[in-house]
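All ligand and atom numbering here is 1-based and tracks the order in the structure. Numbering of residues begins at 1 and proceeds along the displayed sequence.
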Amino acid sequence: MTSLLDSVGQLAGVGPKREEALNHLGIFNINDLLSYFPTRYNDLEQKLPSVALDGEKVTFKGVVSSEPVLARFGFKKTRVNFRLLVEHDNVMVTFFNQPWIQGRINLGDEVAVYGTYEKARQGLSGIKLLPKNSEDELEAIYPSSKEIQQKTIKGLVEQALGKYQDLLDLNLIPDDIRSRYKILNRREIIFGMHVPKTPFESQQARRSASFEEFFLFQTRLQLIKTMDRSNHGRAINFDNERLKQFIQTLPYELTSAQKKVANEIVFDMRRPIHMNRLLQGDVGSGKTVVAALAMYAAITAGMQATMMAPTEILAQQHARSIGSLFNPDEVRVELLTGSTKAAQRRQILEDLMSGDVDILIGTHALIQPDVAFHQLGLAVIDEQHRFGVDQRGMLRDIGMNPDILAMTATPIPRTLAITAYGEMDVSIIDELPAGRKAIKTSWVRHNELDRAIDLIKAQLKDGAQAYVVTPLIEESEVLDVQNAEQVFADMQAAFAPDYEVALLHGRMNNQAKDSIMAAFKANEIQILVATTVIEVGVDVPNASVMLILDADRFGLAQLHQLRGRVGRGERQSYTILVSDPKTQYGIDRMEAMVATTDGFVLAQKDLELRGSGDVLGVRQSGLPAFQVGDPIHDMKMMEIAQQEAIELISEADWDKKPANEALAAYMSETMVQYRYFD
Ligand code: ADP
Ligand code: MG
């Protein structure tokens with residue numbers, strides 16, 4: 001009796017110890033093993049030195065034309081050298097630390113060597129000696145571990161392919177979808193991934209495997225979404241009249257985009273479902289007041305609301321500004337952070353439990369087992385990309401299951417949003433409050449810093465304030481601080497005593513940070529020198545200059561966030577990037593910042609400049625990890641997978657149709673862990 005769910009322990013050569021090592025790689029049964037795909041292939045196709053590129057991994061086949069020499073050097077290091085005549089070219093082959101190679105080959109032998117080509121010295125740094133009769137082939141390379149080697153995995157996969165090949169016909173993707181996009185069947189994918197005969201075959205298998213992965217992912221998201229939106233939540237029956245009155249008391253008219261999203265949100269809250277909504281809006285678009293409105297809606301329904309921010313400074317700012325929007329006799333707002341004093345904390349928690357506190361604002365400190373609400377209706381998560389992905393999970397773990405409103409300014413392209421936020425509904429504020437003047441961005445070299453200082457002086461004279469952001473030195477907060485202190489001294493030299501200069505950095509205690517932020521807000525400080533602690537959310541509308549030193553050390557998403565700290569009031573604002581980028585990529589990034597203030601355009605540009613890979617802000621926004629597929633490189637494919645999944649799930653009784661049987665069974669088996677709802 002065999003099944004793909006057989007334990008890998010069934011395979012020859014797998015004892016308890018090896019089984020455990022396989023388990024560590026996530027391989028428990030045969031199916032896991034056969035889905036453990038190679039990350040790449042060594043192309044063993046033979047090449048000639050004349051066409052090999054410098055640094056390329058190649059295979060040369062030729063005749064050994066000098067006696068192999070073994071040399072020892074350093075501490076237990078060895079080197080075997082010999083010449084290989086490949087057609088008309090002599091290549092110097094060197095094998096490091098594989099002394100036995102010397103005994104294997106003799107002058108005049110015909111051999112094939114796989115290695116890294118060094119063009120300058122026409123040398124090959126040998127990796128592997130291949131069998132003499134080796135054919136052109138692709139060799140699968142698996143992610144391995146210390147406990148289990150490459151070739152062990154390879155051997156086990158081959159063994160399993162032989163024993164279980166009759167069981168590989170399970171196709172999860174419905175046939176019509178497969179044929180529409182020329183997706184290989186499961187058997188072809190598995191063979192093509194593990195033992196491709198040609199590069200083309202491996203490409204087709206990888207493409208199909210990616211699609212399969214995306215399609216299963218999207219189907220799952222759509223199922224979660226559908227179930228999450230069915231009757232599991234609680235209706236928040238807010239008082240529309242009181243909401244309207246509240247809007248009348250705001251110090252400004254809401255933009256039409258703010259009204260639109262506020263309507264979407266409260267409409268969702270009133271439905272007997274669990275709202276799971278993302279509010280996306282560029283920096284400065286006014287998300288906070290929308291959140292305040294939604295929280296007030298919950299309060300008029302007799303419930304409580306909470307708002308979580310990623311930093312203490314931000315939590316404080318929210319507590320202040322949101323508090324000021326309400327009549328304290330009607331709405332009690334409290335702040336809870338890591339530095340709230342014990343006695344005060346106890347009091348707040350008591351009043352929270354009794355329902356006396358209406359809105360609790362804070363940092364991570366909110367998510368503690370002893371924080372219990374009387375009746376929590378809505379949880380707002382500000383700058384959600386700063387947190388992990390599963391906030392609802394965190395809240396649920398401590399016994400809360402409110403409606404969720406997550407907010408973010410990370411303007412990720414729509415195509416990526418369907419992956420990162422696939423299970424959420426999205427509301428977008430696509431307009432800035434009226435009267436804002438577009439921020440002017442310029443880029444100067446370090447030797448032009450004087451010009452920047454002159455501009456700041458002119459602004460200060462006009463009553464405005466400025467930020468000076470100091471460089472980010474990777475992996476060393478200590479160096480960051482030293483640097484910040486140096487910049488602080490420079491700025492004092494330039495501006496004191498006419499203006500007050502202060503320094504803010506992550507190593508300062510919270511009290512010191514608060515009092516500096518408060519003084520800056522009150523314009524008692526005109527120039528704030530800071531590390532990126534001010535990156536997110538800080539709101540001081542009178543600040544009109546953002547000077548960023550060594551700007552090329554920051555990612556575009558981060559620069560955009562920093563720039564968003566100015567241009568928040570009526571003043572014409574300026575962002576000055578100071579940097580001497582050394583690469584074209586660095587120059588392109590600076591130019592992109594100057595060219596646009598639209599976060600979405602910038603995010604798209606970022607994507608193009610980086611290509612596939614690590615898009616900052618995307619990683620932060622919790623893009624899930626895929627085994628084969630690359631959601632950034634293959635965005636189009638992800639979009640198609642999503643459309644197909646939506647279409648499939650929207651059919652009545654889709655899971656009862658024979659064509660979808662395998663998929664439906666697979667989904668119901670693997671769904672449990674993704675359940676967000678009760
Ligand atoms: P963000 O979306 O980046 O979090 P904020 O909510 O901090 O933006 O709002 C930025 C600034 O705009 C704040 O000073 C806020 O008071 C102000 N603001 C918000 N909405 C409006 C509006 N409709 N008209 C004028 N100013 C507004
Ligand atoms: Mg904000």
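Heavy-atom neighbours of Glu524 CD from other residues, nucleotides or ligands within 6.0 Å: above the threshold of 12. Within a 6.0 Å radius of CZ in Arg445, other residues, nucleotides and ligands contribute more than 12 heavy atoms. Residue-environment remark: NZ (Lys260) exceeds the threshold of 12 foreign heavy atoms within 6.0 Å.
Sorted by chain then number, the residues whose non-hydrogen atoms approach ligand 1 to under 4.0 Å are Tyr252, Glu253, Leu254, Thr255, Gln258, Asp282, Val283, Gly284, Ser285, Gly286, Lys287, Thr288, Pro433, Arg436, Asp539, Pro541, Arg568.
When all heavy atoms are compared, the tightest approach of Ala592 to Lys605 is CB-CG, 3.7 Å.
In this structure, Thr337 and Asn510 have side chains that are not in contact, with every pair of non-hydrogen atoms separated by 4.5 Å or more.
Taking the six-membered ring wherever Trp is involved, the centroid distance between the rings of Phe326 and Phe246 falls below 6.0 Å.
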